[in-house]
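Quick caveat: nothing in here was measured; it's all calculated off a predicted structure. The figures here come from the full heavy-atom set of this structure, side chains too, leaving out hydrogens, waters and symmetry mates.
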Amino acid sequence: MQKHYRPAGKKKEGNAAKYITRTKAVNYLQVSLAIFRKLCILKGVFPRQPKKKVEGNHKTYYHTKDIAFLAHDPLIEKFREIKVHRRKVKKAVAKKNRDLADRLLNRPPTYKLDRLVLERYPTFVDALRDLDDCLTMVHLFAALPAVDGERVEVKRIHNCRRLSHEWQAYISRTHSLRKTFISVKGIYYQAEVQGQKITWLTPHALQQVLTDDVDFNVMLSFLEFYETLLGFVNFKLYHSINVNYPPILDPRLEALAAELYALCRYMSAGSRRMIGNSQTDEVMEDKDEKSKAEEVIKEEKVVKNKASSKADESELRLAQLQHQLPTNEPGALMNLVEESTADDADDDDTKDCKGLFKNLKFYLSREVPRESLLFIIPAFGGTVSWEGEGAPFKEIDEDITHQIVDRPTQSHVFLSREYVQPQWVFDCVNARIILPTEGYLVGRVPPPHLSPFVDNDAEGYMPEYAETIKRLQAAARNEVLPLPGIGDEDLDNSLVAAMMDRTASNEAAEKKRKLEMLEKQYIDELKKEIDGVAFSSLSNKEADKSPNAKDDTQSDREEDASKQEEDDDDDIGTALMSRKQRGLYKAMKMGKEKKKEKVELLKKRKKNADSGASSKKRH
């Protein structure tokens with residue numbers, strides 16, 4: 001008798017009803033594979049892995065509910081209209097009807113993804129949590145060459161560049177940047193926005209080449225949704241700090257490829273203007289509730305506030321017209337970071353970041369990565385300029401404290417400033433202190449660039465330079481200080497008492513160790529007496545052994561005993577475990593052993609590197 005019988009045409013059950021293959025889904029939706037792939041990317045539908053693959057392991061499966069969800073989406077009708085429109089254009093060109101083809105090309109069917117953003121991210125925090133891949137993709141396309149005839153449109157590249165600069169300007173303005181790291185892939189950044197940690201990767205400022213190994217159609221489908229998502233996120237973030245969106249950039253700075261600097265200036269001026277307008281509105285609302293005598297006084301205040309708002313608007317217009325401002329005046333041009341009006345709302349981390357480079361003035365030489373440093377330095381409270389047109393101040397400014405260079409020789413050296421390599425800025429940001437510049441001077445090999453995303457305590461290996469930074473951080477926080485109310489004599493007495501307690505504890509530990517050795521020796525002698533070993537032969541053998549050999553055998557016995565105790569404890573513990581718990585325990589032991597091997601390898605490499613460096617110095 002069969003275990004289960006289902007008549008033909010009966011409804012499916014189990015995995016056969018829950019999942020559907022990609023081929024069946026494409027046939028069900030009556031679209032091509034490319035449109036199906038794009039639709040899944042935009043809607044956030046991804047393949048599944050059922051426990052039991054009904055139609056084979058070599059096929060891709062989707063949830064049946066997801067495919068039904070796609071079938072009722074209005075976007076699928078738009079894709080069908082676009083397909084029909086392309087067919088009409090092709091037919092008109094084939095019939096040499098140029099007028100009809102031009103009319104059709106000028107009126108293509110369009111669609112928007114605004115509804116999809118709200119559908120996939122009901123709250124703003126959900127959008128922030130899923131922003132890592134979005135920012136990485138947008139920054140990647142922003143670094144591509146904007147050349148006509150390539151597989152990526154120039155308009156898309158310019159839009160990605162604009163969105164990335166708007167995001168960086170907000171992070172810099174609100175001092176939300178927390179970590180940064182230079183790697184072979186690019187530069188990693190981590191920011192904290194409304195309690196959410198967002199990490200993204202930007203490529204190095206090098207000439208990018210479009211290879212044939214990458215399917216750009218799939219990447220452009222992702223980019224299409226990410227552009228809309230990042231636009232909405234920027235809109236929300238800009239309005240949260242009282243700045244209008246989209247920003248109006250200075251055309252001269254935009255032509256000089258200084259969009260990030262122009263954005264910072266716009267945000268600084270826009271926030272002041274919005275605050276002035278809000279104060280004016282509050283005064284106008286409260287006017288009706290007061291007496292006639294107070295109205296006269298408040299009318300004068302309203303006139304003053306209106307005058308101040310008009311002055312702020314005129315300043316904004318002047319900021320947007322760069323040619324009306326003197327190019328060598330730092331006060332008029334350099335308004336990258338201003339004092340926030342809500343200092344009390346900032347947490348301790350934000351205050352530390354805001355004041356790291358405070359009262360420091362940086363100048364970037366032409367060979368350093370300008371865009372990255374223009375983003376990082378203002379985010380931590382510094383003032384920055386660069387070599388070229390549109391710069392806020394020139395190289396000859398005497399107030400410059402640090403000049404970032406990356407070439408061994410300089411045409412002119414100013415004695416009033418420090419010449420450091422770009423890595424010094426990144427290491428200071430990660431350490432949250434101003435590091436000494438001796439190791440980062442021009443022409444020297446800088447210290448190792450440590451990743452802030454690695455927890456050294458959890459890894460079990462602390463690099464030498466990390467220990468140095470830890471000591472510098474402790475010194476910067478003044479952690480090694482005498483307790484309040486304790487004088488020099490009291491401090492000496494407390495140190496003496498601590499040393500006496502330490503010697504007493506050491507003596508007690510030594511006495512305990514000797515007692516344990518005597519007890520063990522007594523137990524060994526009892527065992528040998530039971531076995532029938534003569535005392536004379538035992539004494540002769542021990543007399544032949546040297547004291548060093550006795551110590552070695554004693555240490556070996558202690559190690560063997562400790563290992564035996566650990567093995568016994570493990571055997572007893574694993575005997576009481578279930579099979580699943582034993583497997584987890586073995587996996588944990590294997591992980592610890594691998595971590596230990598990794599630490600030993602790192603120590604060995606460090607030792608080899610130090611020996612190689614010392615041998616080079618000798619030669």
Side-chain angles (χ1 to χ4, degrees), residues 128 131 135 138-139 142 161-181 187-194 196-202 205 230 233-247 249-250 253-254 257-272 319 330 333-343 346-347 349-364 368-386 390-392 404 422 425-426 428-430 432:
L128 290 177
L131 211 60
L135 289 171
V138 170
H139 281 85
R161 198 167 293 168
R162 178 183 63 83
L163 290 171
S164 63
H165 285 150
E166 288 172 0
W167 167 261
Q168 291 180 8
Y170 170 80
I171 296 298
S172 179
R173 176 71 177 84
T174 56
H175 310 284
S176 301
L177 192 63
R178 295 292 177 264
K179 296 177 183 178
T180 178
F181 177 66
I187 304 176
Y188 286 90
Y189 299 101
Q190 187 179 85
E192 188 174 355
V193 180
Q194 297 188 7
Q196 303 298 322
K197 290 184 179 180
I198 303 169
T199 308
W200 72 96
L201 174 66
T202 63
L230 189 56
V233 170
N234 286 344
F235 173 83
K236 177 74 174 176
L237 293 175
Y238 271 58
H239 278 265
S240 67
I241 57 173
N242 297 326
V243 177
N244 289 327
Y245 188 86
L249 295 185
D250 182 4
L253 287 175
E254 194 173 2
E259 295 96 337
L260 183 59
Y261 172 64
L263 273 166
C264 293
R265 286 182 46 207
Y266 170 81
M267 293 177 71
S268 176
S271 60
R272 292 200 312 269
L333 285 171
M334 199 62 188
N335 287 322
L336 285 178
V337 180
E338 292 209 344
E339 294 297 329
S340 177
T341 56
D343 289 335
D346 294 338
D347 54 356
D349 213 6
T350 305
K351 289 178 180 178
D352 292 342
C353 295
K354 187 188 293 186
L356 181 62
F357 292 145
K358 194 175 182 181
N359 300 326
L360 297 183
K361 210 168 185 179
F362 295 84
Y363 186 81
L364 309 179
V368 302
R370 188 180 80 177
E371 195 162 309
S372 176
L373 293 172
L374 278 177
F375 169 48
I376 293 173
I377 293 173
F380 288 86
T383 307
V384 63
S385 181
W386 63 90
I404 314 298
V425 177
F426 291 88
C428 287
V429 166
N430 294 330
R432 301 288 176 84

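- Between Tyr245 and Phe235, the ring planes lie perpendicular to each other; the angle is over 60°, past the 30° to 60° tilted range.
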Exercise for review: Test side chain to side chain contact (heavy atoms under 4.5 Å, CB included) on Ile376 and Phe426 and set out the steps.
Suggested key: CA-CA 8 Å; Ile376 293 173; Phe426 291 88; 3.2 Å; yes
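- Summarising the geometry of Pro392 relative to Trp386, their closest heavy-atom pair is CD-CZ3, 3.7 Å, with the distance given to 0.1 Å.
- For the residue pair Arg178 and Thr199, no side-chain donor N or O sits within less than 3.5 Å of a side-chain acceptor on the partner.
- Atom CG of residue Leu131 and atom CD1 of residue Ile198 lie 5.0 Å apart, to the nearest 0.5 angstrom.
- Using a 4.5 Å heavy-atom threshold, the side chains of Phe181 and Ile187 count as separate.
- Taking OG1 of Thr350 as the reference point, atom CG of Leu177 lies at 11.0 Å (rounded to 0.5 Å).
- Taking every heavy atom of both residues into account, His139 and Thr202 meet most closely at CD2-CG2, 3.4 Å.
- Salt-bridge formation is not detected for the pair Glu192/Lys197: no Lys NZ or Arg NE/NH1/NH2 atom is positioned less than 4.0 Å from an Asp or Glu carboxylate oxygen.
- The CG atom of Leu364 sits 5.0 Å away from atom CD1 of Ile377, with the distance rounded to the nearest 0.5 Å.
- Judged by distance alone, with hydrogens and angles left aside, the side-chain atoms of Ser240 form a donor-acceptor pair with the main-chain N or O of Leu237 at under 3.5 Å.
- Minimum heavy-atom separation, Val193 to Leu128: O-CD1, 3.8 Å.
- Closest approach of Pro378 to Leu373, counting heavy atoms only: CD-O, 3.9 Å.
- Taking 4.5 Å as the limit, every side-chain heavy atom of Gln168 sits out of range of all side-chain heavy atoms of Arg173.
- For the atom pair CZ (Arg370) and OG (Ser385), the distance works out to 9.5 Å, reported to the nearest 0.5 Å.
- Between the side chain of His175 and the main chain of Ala379, a donor-acceptor pair closer than 3.5 Å is present.
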Exercise for review: Verify side chain to side chain donor-acceptor pair (under 3.5 Å) between Tyr238 and Glu166, making sure each step is shown before the conclusion.
Suggested key: CA-CA 9 Å; Tyr238 271 58; Glu166 288 172 0; 5.4 Å; no
**Study point:** Trace of the side chain to side chain contact (heavy atoms under 4.5 Å, CB included) decision for Trp167 with Asn234
**Key:** CA-CA 6 Å; Trp167 167 261; Asn234 286 344; 3.8 Å; yes
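- A heavy-atom distance below 4.5 Å is found between the side chains of Ile171 and Phe375.
- Side-chain contact between Val425 and Phe357: present, with at least one pair of heavy atoms (C-beta onward) separated by less than 4.5 Å.
- Atoms CD and OG, on Glu371 and Ser164 in that order, are 6.5 Å from each other to the nearest 0.5 Å.
- With no hydrogens or angles considered, a side-chain donor-acceptor pair links Ser372 and Tyr189 at under 3.5 Å.
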Practice item. Give the C-alpha distance, both sets of side-chain angles, the deciding distance and a yes or no for side chain to side chain contact (heavy atoms under 4.5 Å, CB included) between Ile404 and Val384. Key: CA-CA 10 Å; Ile404 314 298; Val384 63; over 6 Å; no
Exercise for review: Verify side chain to side chain contact (heavy atoms under 4.5 Å, CB included) between Thr174 and Ile241, making sure each step is shown before the conclusion.
Suggested key: CA-CA 9 Å; Thr174 56; Ile241 57 173; 4.0 Å; yes
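- Between the Asp352 side chain and the Arg432 main chain, no donor and acceptor come within less than 3.5 Å of each other.
- Residues Leu360 and Phe380 fail the side-chain proximity criterion, which asks for heavy atoms closer than 4.5 Å.
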